[in-house]
Amino acid sequence: MTLPKSFFDRPVAEVARDLIGVTLLVEGIGGPMVEVEAYDQADPASHSFKGPTLRNGAMFGPPGHAYVYKIYGIHWCLNFVCQPGSAVLVRALEPRHGLELMQERRGGLGERQLCSGPGKLCQALGVDIGHNGLPLDALPFELLPASESQDVATGPRIGITKGVETPWRFVRRGSPFLSKPLS
DNA sequence: AGGATGATTGCCT
DNA sequence: GGCAATCATCCTC
């Protein structure tokens with residue numbers, strides 16, 4: 001069964017860690033997540049740091065919904081809203097379901113390059129602003145718990161200039177599908 | 001009303 | 001390793 005909204009109504013770093021290994025499907029396309037990052041309102045790197053705005057509105061809505069935004073005018077990024085002002089950015093997953101469609105959307109690339117980054121993942125899964133605010137416990141989303149315990153490692157988040165000291169990047173240790181090695 | 005900027009990616013040297 | 005692409009949002013005047 002797909003994860004209930006209550007799964008997200010917890011401290012964001014805890015949710016982020018527990019999401020490693022959880023299978024994310026959008027219209028049946030996706031696979032187990034191997035890299036996520038946590039952001040909360042006290043965090044200067046977070047979109048929610050300065051309070052609600054038009055863009056980040058979903059981050060202040062109820063837990064268990066999607067927050068989608070466009071970055072650099074080009075790429076979409078998918079987040080899972082947790083407690084108010086906090087969310088988990090989905091950065092990479094292991095392509096397992098719907099490989100053919102993912103490759104078509106991404107331009108016929110190898111498996112390693114299909115979902116190894118937040119923008120790539122959204123392109124491969126067909127996520128865009130139309131998904132902003134949608135509940136995560138209903139179609140087109142499915143979130144299926146991992147069947148085995150996961151070897152999770154943490155490190156500094158990618159691509160931020162503030163809040164760099166908060167080690168809220170969570171990865172499946174040794175996964176070949178990360179956006180970057182842990183370092 | 002105008003300008004700086006970004007939780008990125010891919011192409012070029 | 002360096003940098004351009006591309007634009008809605010947000011902040012300042």
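Naming: A, B, ... by sequence-line order, numbering from 1 per chain.
Atom-to-atom, OH of A:Y72 to C1' of C:dT6 comes out at 12 Å; the value is rounded to the nearest Å. Summarising the geometry, the separation between NZ on A:K50 and P on C:dT9 is reported as 17 Å, rounded to the nearest angstrom. Rounded to an integer number of Å, the gap from A:M59 CE to B:dA7 P is 11 Å. Across the protein-nucleic acid pair, A:Y39 atom OH and B:dG6 atom C1' stand 11 Å apart, rounded to whole Å. Protein atom NE2 of A:H47 is 10 Å distant from nucleotide atom P of B:dG6, rounded to whole Å. As rounded to whole Å, 13 Å separates atom P of B:dG10 from atom NZ of A:K180. If you take CG of A:N56 and P of B:dG6, they are 16 Å apart, rounded to a whole angstrom. Atom CD1 of A:I158 is separated from atom C1' of B:dA7 by 10 Å (rounded to the nearest Å).
Within 4.0 Å of A:L89, counting heavy atoms only, lies at least one base atom of the nucleic acid. Heavy atoms of A:I71 sit under 4.0 angstrom from primed sugar atoms or phosphate atoms, though from no base atom.
Looking at the side chain of A:N79, the nearest of the listed nucleotides B:dA7, B:dG6, C:dC7 is B:dA7. Nearest nucleotide to the A:R55 side chain, out of C:dT9, C:dA5, C:dC11: C:dT9. Residue A:H75 has its side chain nearest to B:dT9 when only B:dA7, C:dC11, B:dT9 are considered.
Checking A:K162 against A:S116, the closest nucleotide of DNA chain B that is more toward the 5' end is the one next to A:K162. Position along DNA chain B of the nearest nucleotide to A:L109 versus A:I160 favours A:I160 as the more 5'-ward residue.
Annotation: the span from A:L99 atom CG to A:L114 atom CG amounts to 6.5 Å, rounded to 0.5 Å.
OP1 and OP2 of B:dA7 both lie 4.0 Å or more from every side-chain N or O belonging to A:R169. For B:dG10, the OP1/OP2 oxygens have a side-chain nitrogen or oxygen of A:K120 closer than 4.0 Å.
Going from the P atom of B:dA4 to that of C:dA4 covers 16 Å, rounded to whole Å. Rounded to a whole angstrom, the distance from the P atom of B:dG2 to that of C:dT6 is 23 Å.
A distance-only check finds a donor-acceptor pair linking the side chain of A:R157 to the backbone of A:A38 [under 3.5 Å].
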Atom pairs and distances, side-chain donor-acceptor, residues 136-145 of chain A, under 3.5 Å, sequence neighbours left out:
unit_1 : atom_1 : unit_2 : atom_2 : d
A:D137 : OD1    : A:K5   : NZ     : 3.0
A:D137 : OD2    : A:K5   : NZ     : 2.9

- request: Run the numbers on A:M33 and A:V90 for side-chain contact (heavy atoms from CB on, under 4.5 Å), then give the verdict.
  value: CA-CA 8 Å; A:M33 290 180 275; A:V90 184; 3.7 Å; yes
message: Pair A:L78, A:H131 - check side-chain contact (heavy atoms from CB on, under 4.5 Å), show working.
response: CA-CA 9 Å; A:L78 171 64; A:H131 296 85; 5.6 Å; no
message: Apply side-chain contact (heavy atoms from CB on, under 4.5 Å) to residues A:D9 and A:Q83 and explain how you reach the verdict.
response: CA-CA 5 Å; A:D9 190 9; A:Q83 290 169 332; 3.4 Å; yes
message: As a quick check of understanding, evaluate side-chain contact (heavy atoms from CB on, under 4.5 Å) for A:Y69 and A:N79, giving each step before the final call.
response: CA-CA 9 Å; A:Y69 67 91; A:N79 299 253; 3.3 Å; yes
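Between the base of C:dA8 and the side chain of A:Y69 there is no donor-acceptor pair shorter than 3.5 Å.
Under 3.5 Å, the side chains of A:Q123 and A:R105 contain no donor-acceptor pair of N or O atoms.
DNA chain B contains the following stems of three or more consecutive Watson-Crick or G-U pairs, with both distances under 3.5 Å: B:1-6 with C:7-12, B:8-12 with C:1-5.
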